[in-house]
Amino acid sequence: MQENRIFGINGPVITIKGHTDLQMMETVYVGDKRLIGEVIKVDSNATTVQVYEETTSLRPGEPVVSTGLPLSVTLGPGIIGNIFDGIERPLTDMRDRFGAFIGRGADFDSLNGDRKYQVTFLVGKGDKVSGGDVFAECPETPVIKHRAMIPQGISGEITEISGNGEYTVNDVIAKLRDSDGNTVELKLSQKWPIRTPRAVKRRMPANKPLITGQRVIDSVFPIAKGGAAAIPGGFGTGKTMTQHQLAKWCDADIIIYVGCGERGNEMTQVLNEFSEITDPKTGRPLLDRTVLIANTSNMPVAAREASIYTGITIAEYYRDMGYHTALMADSTSRWAEALREISGRLEEMPADEGFPAYLPSRLSEFYERSGYVENLNGTEGSISLIGAVSPQGSDFSEPVTQNTKRFTRVFWALDKSLAYARHYPAINWNNSYSEYINDLSDWYRDNVSADFMKCRDEICALLLEENSLMEIVKLIGADVLPDDQKLVIEIARVIRVGFLQQNAFHKDDTFVPIDKQYRMMDVILHLYKLAGEAVERQIPISKITSTGIFDRLVQMKYDIPNDRPEMFDELKNEIDLILNGILR
């Protein structure tokens, strides 16, 4: 084998002079400390490698060793509940060996090779199997059953089975003979290149919502299971907090949280919170169905670029088992900055704001791996992608935000003024949108109420009308408005403060069932209708507001528990009594 030596070093990018036998996207070991790298450019005169670790003290002349394999992750039991870096090295194990500061050239197995799992086989000797088929299962955590699958691209006949029992991820537990007569060993684990999407049988319509318990999302700007959403917002607008809420409460089976270039204390907070929070679905710690990938801002920049591919590959693996997964990427702007830095060191021609010209294609490669699918084994699964974007100065016209909008169908625009007014989630209802409304309307009709979408449309129309009226109020004041327009402003205040604003620290308001969300909208519109009739009969709006019924509706999110829906009927009766009393 040809010996390759470092010729030049430029930050995380190294060059090897002359012709080499290395291939594009191949994983290599760089230097005497065997740092992990990936080939990103090959020509007849030189080969370029990006290194996923700190290159300090690396010197020209040190060896570069080929592995012959693309950058891959190990997939198997032991992923759930773990915390990895951007190239799937277990940070807990690395801390135990190195302490607070991770050493370079650390060669760790991604999964614990000593832990044994109680394996139950689902196939027998002589059975015909193909890629994606589940041949065995084992409990990975108390709430997640791991389904060991035949590696994709392989099919044949089972020739040997070890039998039910306890095995590690490295044990050969079965063998099959493929169509060429070759024997293939089957383990609980398998490898998969992170930049290659896993195959599916077919993509299905995204017509079921991802229920998050957040009213402004579920009722106003919903995301479908298998959908893609962007959360853009400047510093301090609550991107991370919103993603934490979605990770805690959305009805996905498995959460993959990728901290891409964010502050280390935020990832520490995620780890601490998720281990302490009791999952409402299972009654167990939330970490029992969560995977954390941490590549913080002080870690090597190249590994930041790989981290979201590591996350999406793990999400696809569990999707193939038939699970609904949700991936939170926080934040894709830091990932794009890593692309920009590496592109600059490669002396590529920059595009908008210095980002590489291939930024849109890289974003599309990521977001288009979401979807609701039928898997090769006949099960259904989904990946919902929610990516935070951090535009500098809250400038939504910058390249990462604009290109992200091209590949996502939900846009939750965070607003600094709302965040500073302590209105959370700080999603601006005038700048946000969801293109899944029509796709999800049948589900809401069949599972919540026939007039759910009608209520939602009326709520949005009132907010839009209030936005127009407030422009007039700013110029000439509210006193000159007729009472019917003053009523719109009052009812919009109830919607904003009583419905859209949510308290993450209140036991009933942190997560709200979709049925309660509908009933809240219905009560608000019931008040608007009766108050409108009163205004038409020349009852002053001041007389209606003096009853305190508007403030009563603002507080209903706290006053009515999630498990007492009948109290909304009592509230509607109270509204009827008050307004009928005024009309007499």
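All values reported here derive from a predicted model rather than from experimental measurement. By convention here, the first residue in the shown sequence is residue 1.
- Scanning all heavy atoms of the two residues, the minimum distance from Ala315 to Leu327 falls at CB-CD1, 4.4 Å.
- Here the closest non-hydrogen pair linking Phe235 and Lys416 is O-CE, 4.2 Å.
- Between the side chain of Lys239 and the backbone N or O of Leu414, no donor-acceptor pair lies under 3.5 Å.
- In this structure, Asp395 contributes its side chain and Pro391 its backbone to no donor-acceptor pair below 3.5 Å.
- Not one N or O on the side chain of Ser219 forms a donor-acceptor pair closer than 3.5 Å with the backbone of Val216.
- A donor-acceptor distance shorter than 3.5 angstrom exists from the side chain of Ser384 to the backbone of Gly226, with no hydrogens or angles considered.
- Going from atom CD1 of Ile386 over to atom OG1 of Thr332 covers 12.5 Å, rounded to the nearest 0.5 Å.
- Separating the NZ atom in Lys572 from the CG atom in Leu527 is a distance of 11.5 Å, to the nearest 0.5 Å.
- The minimum heavy-atom distance linking Ala534 with Ile544 is given by the pair CB-CD1, 3.8 Å.
- Asn377 places a side-chain N or O within donor-acceptor distance of the main-chain N or O of Thr379, the cut-off being under 3.5 Å.
- One finds the CD atom of Glu458 at 11.0 Å from the CD1 atom of Ile491 (value rounded to the nearest 0.5 Å).
- One distance of note links OH of Tyr433 with SG of Cys460; it measures 15.0 Å at 0.5 Å rounding.
- Rounding to the nearest 0.5 angstrom, the gap separating the CZ atom in Phe568 from the OH atom in Tyr518 is 11.5 Å.
- Using the six-membered ring where Trp is involved, Tyr444 and Phe452 have ring planes that are parallel, under 30° apart on the 30 and 60° scheme.
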For Ile476 and Leu481, what are the C-alpha separation, side-chain angles and deciding distance, and is it a side chain to side chain contact (heavy atoms under 4.5 Å, CB included)?
CA-CA 9 Å; Ile476 58 177; Leu481 295 179; 5.7 Å; no
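- From Leu500, atom CG reaches atom CD1 of Ile459 across 8.0 Å, with rounding to the nearest 0.5 Å.
- Under the 6.0 Å distance and 45° angle rule, Lys405 counts as a cation-pi partner of Phe411.
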List the steps, then state whether side chain to side chain donor-acceptor pair (under 3.5 Å) holds for Gln502 with Tyr424.
CA-CA 6 Å; Gln502 207 158 336; Tyr424 289 103; over 6 Å; no
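- The neighbour count for Asn573 CG, taken as heavy atoms of other residues, nucleotides or ligands under 6.0 Å away, is above 12.
- Salt-bridge check for Arg537 with Glu533: failed, with every basic side-chain N at 4.0 Å or more from each acidic carboxylate O.
- Of the N and O atoms on the side chains of Glu465 and Ser468, not one donor lies less than 3.5 Å from an acceptor on the other residue.
- In this structure, Arg409 fails the cation-pi test against Tyr367, since its NZ or CZ atom is not both closer than 6.0 Å to the six-membered ring centre and inside 45 degrees of the ring normal.
- Salt-bridge check for Glu353 with Arg340: failed, with every basic side-chain N at 4.0 Å or more from each acidic carboxylate O.
- In this structure, Lys529 places its NZ atom where only 12 or fewer heavy-atom neighbours from other residues, nucleotides or ligands lie under 6.0 Å away.
- The aromatic rings of Phe366 and Trp335 sit tilted relative to each other, their planes meeting at an angle between 30° and 60°.
- A salt bridge links Arg445 to Asp442: at least one charged side-chain nitrogen sits closer than 4.0 Å to a carboxylate oxygen.
- Counting only N and O atoms by type, the side chains of His526 and Asp576 include a donor and acceptor under 3.5 Å apart.
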Applying side chain to side chain contact (heavy atoms under 4.5 Å, CB included), run through Asn403 and Leu359 and close with a yes or a no.
CA-CA 8 Å; Asn403 284 303; Leu359 173 64; 4.1 Å; yes
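- Panel note: side chain Ser432, backbone Trp429; no donor-acceptor pair is recorded below 3.5 Å.
- A donor and an acceptor atom, one from each side chain of Gln402 and Ser397, are nowhere located under 3.5 Å apart.
- In summary, Arg215 and Asp509 engage in a salt bridge, as defined by a charged side-chain N under 4.0 Å from a carboxylate O.
- With respect to Arg564 and Glu566, a salt bridge is recorded, a charged nitrogen being found less than 4.0 Å from a carboxylate O.
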Take Arg493 and Asp551 through the test salt bridge (Lys or Arg N to Asp or Glu O under 4.0 Å) and record every step on the way to the result.
CA-CA 10 Å; Arg493 180 182 69 86; Asp551 293 330; 3.1 Å; yes
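- Checked against side chain to side chain donor-acceptor pair (under 3.5 Å), Arg334 has the following partners two or more places apart in sequence or in another chain: Glu337.
- Arg203 and Glu374 are not joined by a salt bridge, as no carboxylate oxygen comes within less than 4.0 angstrom of a charged side-chain nitrogen.
- One finds no salt bridge joining Lys516 and Asp508 here, because no Lys/Arg side-chain nitrogen approaches an Asp/Glu carboxylate oxygen to under 4.0 Å.
- The aromatic rings of Tyr318 and His146 sit perpendicular to each other, their planes meeting at more than 60°, with 30° as the lower class boundary.
- Using modelled atom types, one finds no donor on one side chain facing an acceptor on the other under 3.5 Å when comparing Thr310 with Glu88.
- Residues in residues 315-331 take part in these salt bridge (charged side-chain N to carboxylate O under 4.0 Å, His left out) pairs, two or more places apart or across chains: Arg198-Asp320, Glu316-Arg369.
- Counting only distance, with no hydrogens or angles, the side chain of Thr404 and the backbone of Val400 share a donor-acceptor pair below 3.5 Å.
- The side-chain tip of Lys248 does not point at the ring of Phe511 from less than 6.0 angstrom away and within 45° of straight on.
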